[in-house]
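Heads up, the thing below is written out as structure tokens.
Given the structure is predicted, the values throughout are model-derived calculations rather than measurements. Letters A, B, ... are given to chains in the order of the sequence lines, protein chains preceding strands, and every chain is numbered from 1.
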Amino acid sequence: MTAPAPLVRARDLHVSFVSRDATVKAVNGVDLDLDAGEVLCILGESGSGKSVTLRALMRLNPPNKAVVSGELSVAGHDMVTISDRQLSSVRGKVVSMIFQEPMTALDPVYTIGRQIGETLVRHEGIGRREAEQRALELLELVQIPSAKRRLQAYPHELSGGLRQRAMIAMAISCRPQLLLADEPTTALDATVQIQILLLLRQLQQELGMGVIFVTHDLGVAGEIADRIAVMYAGRMVEAGSTVDVMRGPLHPYAKGLLGATVHSGLRGTRLTTIPGSPPDLRHPIEGCAFAPRCPHALETCSAGVPEFRPMQAGRAVRCFRSEEIAGATTRPPSRTTPQGVLLP
Amino acid sequence: MIAYILRRVLYIVPISLAVSLVCFMLVHIAPGDPIDAMVQPDTPKEVIDRVRAEYGLDQPLPVQFGLWLLKVVQGDFGTSLIKGRPVLPDLISASGATFVLACTGGLLGFVTGCVFGGIAGVYRDSWIDRVLLAVAVAGVSVPHYWLGMVLVIIFSVNLNMLPAMGAGPGGSAVSIFDWEHIRYLILPSITLAVIPAGIVTRTVRGLVSDIMSQDYITTLRGKGLRRHGIVGHVVRNAAPTTLAVIGLQLANLMGGSILVETVFAWPGTGMMLNTAIFQRDIPVLQATTLVLALFFVVLNLLVDLVQTSIDPRISRR
């Protein structure tokens with residue numbers, strides 16, 4: 001035996017959505033590694049390909065439209081060539097997902113208990129009655145008050161925070177090795193956001209799951225992640241430990257994201273915005289995708305796609321000029337809060 | 001839940017009253033005097049007046065309505081002006097025949113509609129969806145009496161496979177379910193099934209394709225449910241709306257099969273109503289209309305109750 005394989009290993013992962021009108025290249029060559037028990041946060045704007053990447057990890061993009069290529073293994077399963085039958089045994093058991101909108105992500109006409117039990121019945125081979133009992137324990141684990149009554153509740157009878165807790169209970173019901181979270185706090189109130197984040201962090205430590213967290217909220221990332229990866233236009237543009245990336249972002253886009261975030265205790269400091277909008281992924285992009293919006297862009301930036309270059313201490317950046325820019329001053333980010341919002 | 005059912009059942013009383021009033025009024029507003037249809041044209045006026053008084057038709061309308069209602073409540077639907085015998089026994093056997101035909105046609109239509117609609121919804125925008133949708137539109141658009149005649153020409157006249165009219169030996173198909181009677185049921189029920197099949201196809205197609213694009217279906221796939229597990233969720237989500245459409249269609253079939261029953265000479269309420277209209281047989285007309293309207297009301301109630309019991313989002317209070 002060689003060294004233990006990472007929980008997630010993606011090399012040159014591509015996802016495109018093919019329809020009659022256009023082909024959208026949503027993910028263009030992502031490399032990703034995650035060890036067991038590690039928490040990775042993927043940051044990026046809407047349309048940067050972060051959610052698509054996450055869904056690709058369990059092949060959840062619409063099967064008749066999404067084309068996946070490259071190398072991808074999750075807990076030893078080759079997720080590119082996996083059969084539908086195997087895929088359904090991996091989903092929910094080895095890897096499971098929490099979604100952004102707990103209202104629409106739960107079936108409105110099934111009780112909470114039934115929906116949680118369903119996963120257990122599917123993967124653990126236990127009966128309905130036993131599954132119900134386990135569902136109750138799970139609701140208590142995710143700290144839902146008067147869990148027994150809530151077991152019989154329908155999603156519309158619960159508040160957003162409780163629904164998201166139920167969603168989490170469902171996702172962790174079979175103790176997955178990998179938990180994927182697609183902006184799980186975005187649809188919630190600020191106070192509830194923190195509770196959900198704390199719960200997720202606690203569960204992650206208790207169950208030792210690897211977690212990949214997708215968000216556009218830097219505060220969330222700082223709160224929970226071991227490592228941060230920043231995505232832009234379907235590619236990773238920067239990766240590194242949370243502290244490193246938050247203290248000294250190397251890529252101009254990551255710098256822009258930090259500059260556009262509200263930090264507590266920095267009243268009076270001017271927020272900066274990133275001018276322009278992300279590129280249209282229906283058309284091929286020449287050169288660095290961020291160049292049109294980059295304050296440091298030179299003509300040479302449009303010449304070719306920059307490499308994702310490894311730097312010191314496990315960091316990597318996709319920028320021609322990161323060393324030259326590094327000299328420029330960046331505002332030191334202080335402690336960030338989950339309320340931090342990314343302004344457009 | 002029981003209180004809810006009781007309350008809903010009680011609502012039927014005022015609705016039925018209103019329905020019977022409307023039925024009564026419509027019959028009397030319509031032109032044509034029943035007595036004129038009964039007697040010879042050259043009958044002296046005194047005789048006509050006497051007959052009129054005998055049937056109570058000389059009384060003011062509200063009084064007539066009151067008397068009629070009083071009798072109906074006691075189970076007396078009056079006497080046919082033409083046949084000269086009580087309406088009720090004929091009405092019961094006709095309702096039975098209509099019930100059998102409507103249920104068979106309805107069931108056929110709904111099964112076809114659910115299957116076609118389900119397939120079209122899952123494979124939306126594929127060629128099979130387009131074909132099924134075209135079939136559904138054709139089904140809704142074809143006049144069913146015309147279709148009935150075409151079926152008779154093909155299967156009865158040319159191929160000589162199935163009978164063209166009637167309900168088989170003994171007339172009524174209420175309790176006798178053997179091939180000798182089912183033979184008679186085939187063509188009319190197919191004819192009757194076409195419209196509900198088309199409507200249900202389109203409804204189910206819309207529902208299924210909408211449900212399949214919902215976030216919770218992605219959640220279910222993410223949980224590792226296989227295809228048949230997901231189908232269960234889709235059915236459960238589509239059921240309330242589908243049942244409502246099906247219930248209303250069934251009510252339509254009960255009351256609206258006049259043309260089909262006439263084409264196939266099916267001895268049901270539709271044909272009874274048609275005959276009564278031509279003969280101006282007011283007691284038969286009133287009784288039949290009332291029974292058909294009550295079918296409608298009761299089916300609506302059943303649909304509501306079933307819908308409430310399977311959709312948790314509908315309040316039961």
Subject >> chain A contact via B:L220 - side chain, backbone, both or neither, heavy atoms under 4.5 Å >> reply: side chain

Subject >> Inter- and intrachain pairs under ring-ring contact (aromatic ring centres under 6.0 Å, His included), touching residues 87-136 of chain A, at least two apart >> reply: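 Residue pairs with at least one partner in residues 87-136 of chain A: A:Y110-B:H233.
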
Original post:
Among A:G92, A:A105, A:S96, which residue forms the greatest number of heavy-atom pairs with chain B at distances under 4.5 Å?
Top reply: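 Max contact count across the listed options: A:A105.
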
**OP:** Go through A:E101, A:R55, A:M167, A:E118 and name the one with the most non-hydrogen pairs under 4.5 angstrom from chain B.
**Re:** A:E118

Original post:
Does atom CG of A:D84 have more than 12 heavy-atom neighbours from other groups under 6.0 Å away?
Top reply: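 12 or below, so no.
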
Original post:
Taking everything shown except A:F17 itself, do over 12 heavy atoms lie less than 6.0 Å from its CZ?
Top reply: yes

**OP:** With the side chain counted from C-beta on, respond yes when B:R221 and A:P63 share a heavy-atom pair under 4.5 Å apart, and no when they do not.
**Re:**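 Yes, side chains in contact.
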
How many angstroms lie between [atom1] in [X] and [atom2] in [Y], if you round to the nearest 0.5 Å?
X	Y	atom1	atom2	result
A:D107	B:T219	CG	OG1	9.0 Å
B:L225	A:T119	CG	OG1	7.0 Å
A:R91	B:R226	CZ	CZ	12.0 Å

**OP:** Looking only at non-hydrogen atoms, find the nearest pair between A:L60 and B:T218 and report the distance.
**Re:**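 Scanning both residues, the minimum pair turns out to be CD2-O, 3.8 Å.
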
Subject >> Closest approach of A:M58 to B:G222 (non-hydrogen atoms, all atoms of both residues) >> reply: CE-O, 3.3 Å

Original post:
When you measure from the side chain of B:K223 to the backbone N and O of A:A171, does any donor-acceptor pair fall under 3.5 Å?
Top reply: no

Can you tell which part of [X] gets under 4.5 Å to a heavy atom of chain B, answering side chain, backbone, both or neither?
X	value
A:D182	neither
A:P62	backbone
A:Q100	neither

